[in-house]
Amino acid sequence: MTIYPPSHWVTSAVLMLGLINISIVECRRHVFDASDVTYPAINCRKHTAFLTDFGGKGDGITSNTEVFRAAVKNLSQFENDGGSQLIVPPGKWLTGSFNLTSHFTLFIQSDAVVLASQDEGDYPLVEPLPSYGTGRDGPGGRFSSFIGGSNLTDVVITGDNGTIDGQGSIWWDKFHKKKLKNTRPYLIELMYSKQIQISNLTLIDSPSWFVHPVYSSDIIAQDLTIHAPVDSPNTDGINPDSCKNVKIQDVFVVSGDDCVAVKSGWDEYGIKFGMPTEQMIIRRLTCISPDSAVIALGSEMSGGIKNIRAEDITAINSESAVRIKTGPGRGGYVTDIFVDKMNLHTMKYVFWTTGAYGQHPDPGYDPKALPIVDRINYRNVVAEDVKMAGNMGGIDGDPFTGFCLSNVTIGLSAKPKTLQWNCTDVSGISSDVTPKPCDALVDKGSIECDYPSDPVPIDTVQLETCSFSTQKQIL
Ligand SMILES: *[C@@H]1O[C@H](CO)[C@@H](O)[C@H](O)[C@H]1NC(C)=O
Ligand SMILES: *[C@@H]1O[C@H](CO)[C@@H](O)[C@H](O)[C@H]1NC(C)=O
Ligand SMILES: *[C@@H]1O[C@H](CO)[C@@H](O)[C@H](O)[C@H]1NC(C)=O
Ligand SMILES: *[C@@H]1O[C@H](CO)[C@@H](O)[C@H](O)[C@H]1NC(C)=O
Ligand SMILES: *[C@@H]1O[C@H](CO)[C@@H](O)[C@H](O)[C@H]1NC(C)=O
Ligand SMILES: *[C@@H]1O[C@H](CO)[C@@H](O)[C@H](O)[C@H]1NC(C)=O
Ligand SMILES: *[C@@H]1O[C@H](CO)[C@@H](O)[C@H](O)[C@H]1NC(C)=O
């Protein structure tokens, strides 16, 4: 294979030559064409390689599993030498699971599809997550995620809207027929990692969750189109799980499950692991999820969830908006949640909190481990075609407290529920909410619920402009 020099050297060399001798302009046009690709990323790379350098075949039939694995292995030699970018050129690249490396960019070009193998053997079994104690689909282990990585620093998965296709139908089928002993692969999972960017991609048909950063920090998920059939099982869009300093921005999700689900481990295992998801912003999320939430907090929240912001959220035909799911046994907490500006069309519920969520990893959970839910703020909400404004339940003897709802206008559907607010074991305040909320949300006249004004640290990260040339010869 060939490792190409960094393209900024080439660009400046050409520019200098161009200044010296105008006659080579022809040559420059010939060589560089419109084929220089630039893209924003947390870090640019010194070394560039193409998947084809490792013998890849983009015919949609030939397996490239060994090709991807060999390419990443080879490029890992540059971890401490300026890093590397692996370009996936136009074509359909069938492959089994593979892991990434540090200081590494996987760039998927616009007409490239990375196609997930449907053969279970291409997903070696790995241990359950320590904060879950067991598989999520069944008591066995887990199939490796399609694109994975552990203990990495500085990883970028991006493209000019290239596609990663999980070909999940075969897994959904096995799940429905209860033929799985192990948990389905996630499409992208990075564990124990930091400085992660996943951007400018179309992700389709994941076997289960799409994007799962876990025990990780400093994460940007931006400019993503995520799509699975609305009846596909557990195809959550983005699930930050025990993660810190996370930004999800300009993301469009159509899914059979929650568009975003914020998590932090499950019952006794999550309590013991004790790693919260915190310091997170979700901005300009658009969601279609007829049977699930736009943003779920939980149900696995045993390590705690705190300091989460969501702003400019749009939903079309979704079950609920920002929903809290928990129950006895979970322990942990959901606190300091701030939601500003939601525009909702065709919803079952606008506000939904559940204190009686079932599903436990095993009978070893402690039913006396009760979650704390406090300081949950929603403001500037407009909704139309809604069946029920608020279905807000806490836990008997462990009420959910500190709700604040301000400037909320809910238009009801043609056949709304007779009971518009059902508030049980919850308390808080409200201001300018239509229809008039339950008495548990005490009307405070004209107030505005809190929304922090300081930036989340991840929001201050500046992206660099990186590039590569699809031309192989240089001058
Ligand atoms: C990996 O890269 C080096 C160049 O640094 C090259 O010599 C070697 O042949 C490559 N290995 C494979 C399997 O492509
Ligand atoms: C990917 O990394 C995980 C975790 O380190 C490991 O268990 C798995 O075997 C790796 N998969 C491959 C294909 O190398
Ligand atoms: C990855 O990091 C975790 C947490 O620091 C550690 O427990 C684990 O041993 C590391 N794994 C590898 C393969 O280094
Ligand atoms: C990316 O591709 C998807 C699927 O073709 C499309 O729906 C979306 O609009 C594209 N996004 C951009 C930014 O071009
Ligand atoms: C995604 O692509 C668009 C169009 O090229 C670009 O403006 C945007 O900055 C990119 N975003 C990221 C995070 O890569
Ligand atoms: C109420 O919310 C709507 C929708 O977000 C917004 O346009 C309006 O300015 C808000 N009103 C006040 C008083 O903040
Ligand atoms: C109200 O909610 C409580 C607890 O969530 C539930 O038990 C009850 O059946 C609900 N009442 C109505 C009328 O839906």
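Numbering of ligands and ligand atoms starts at 1, following listing order. When reading the values below, keep in mind they use all heavy atoms of this one structure, side chains included, and skip hydrogens, waters and symmetry mates.
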Engineer: Checking side chain to side chain contact (heavy atoms under 4.5 Å, CB included) between W172 and each of D231, T235, N234, which is the one that passes?
Structural biologist: T235
Engineer: List ligand 2 atoms under 4.0 Å from V126, heavy atoms only on the residue side.
Structural biologist: 7 (O)
Engineer: Any N or O of N99 that comes nearer than 3.5 Å to an N or O of ligand 2?
Structural biologist: yes
Engineer: Which of the atoms in ligand 3, numbered in the order shown and given with their element, are less than 4.0 Å from a heavy-atom of N151?
Structural biologist: 1 (C), 2 (O), 3 (C), 8 (C), 10 (C), 11 (N), 12 (C), 14 (O)
Engineer: Going by the order shown, which atoms of ligand 2 are within less than 4.0 Å of some heavy atom of S150?
Structural biologist: 4 (C), 5 (O)
Engineer: With heavy atoms under 4.0 Å as the rule, classify the contact between M191 and ligand 2 as side chain, backbone, both or neither.
Structural biologist: neither
Engineer: Parallel, tilted or perpendicular: which fits the ring planes of F468 and F107, with parallel below 30° and perpendicular above 60°?
Structural biologist: perpendicular
Engineer: Would you call the rings of Y365 and H360 parallel, tilted or perpendicular if under 30° counts as parallel and over 60° as perpendicular?
Structural biologist: parallel
Engineer: In terms of heavy-atom contacts, does NZ of K194 have more than 12 from other residues, nucleotides or ligands at under 6.0 Å?
Structural biologist: no
Engineer: Between Y132 and W266, what is the ring plane arrangement, given parallel below 30°, perpendicular above 60°, and tilted in between?
Structural biologist: tilted
Engineer: Starting from the N and O atoms of ligand 5, collect every protein N/O partner closer than 3.5 Å and put each pair on its own line with the distance to 0.1 Å.
Structural biologist:
| from | atom 1 | to | atom 2 | distance (Å) |
| --- | --- | --- | --- | --- |
| ligand 5 | 2 (O) | N200 | OD1 | 3.0 |
| ligand 5 | 2 (O) | N200 | ND2 | 2.4 |
| ligand 5 | 11 (N) | N200 | ND2 | 3.0 |
| ligand 5 | 11 (N) | D223 | OD2 | 2.9 |
| ligand 5 | 14 (O) | S199 | OG | 3.2 |
| ligand 5 | 14 (O) | N200 | ND2 | 2.8 |

Engineer: Could you go through V251 and Q249, starting from their C-alpha distance and side-chain angles, then the distance that decides it, and tell me whether this counts as side chain to side chain contact (heavy atoms under 4.5 Å, CB included)?
Structural biologist: CA-CA 6 Å; V251 171; Q249 183 167 294; 5.9 Å; no
Engineer: Output, in order, the C-alpha distance, side-chain angles, deciding distance and verdict of side chain to side chain contact (heavy atoms under 4.5 Å, CB included) for R136 and S208.
Structural biologist: CA-CA 10 Å; R136 199 64 186 77; S208 180; over 6 Å; no
Engineer: Using a 6.0 Å cut-off, check whether atom CD of E464 has over 12 heavy atoms from anything other than its own residue.
Structural biologist: yes
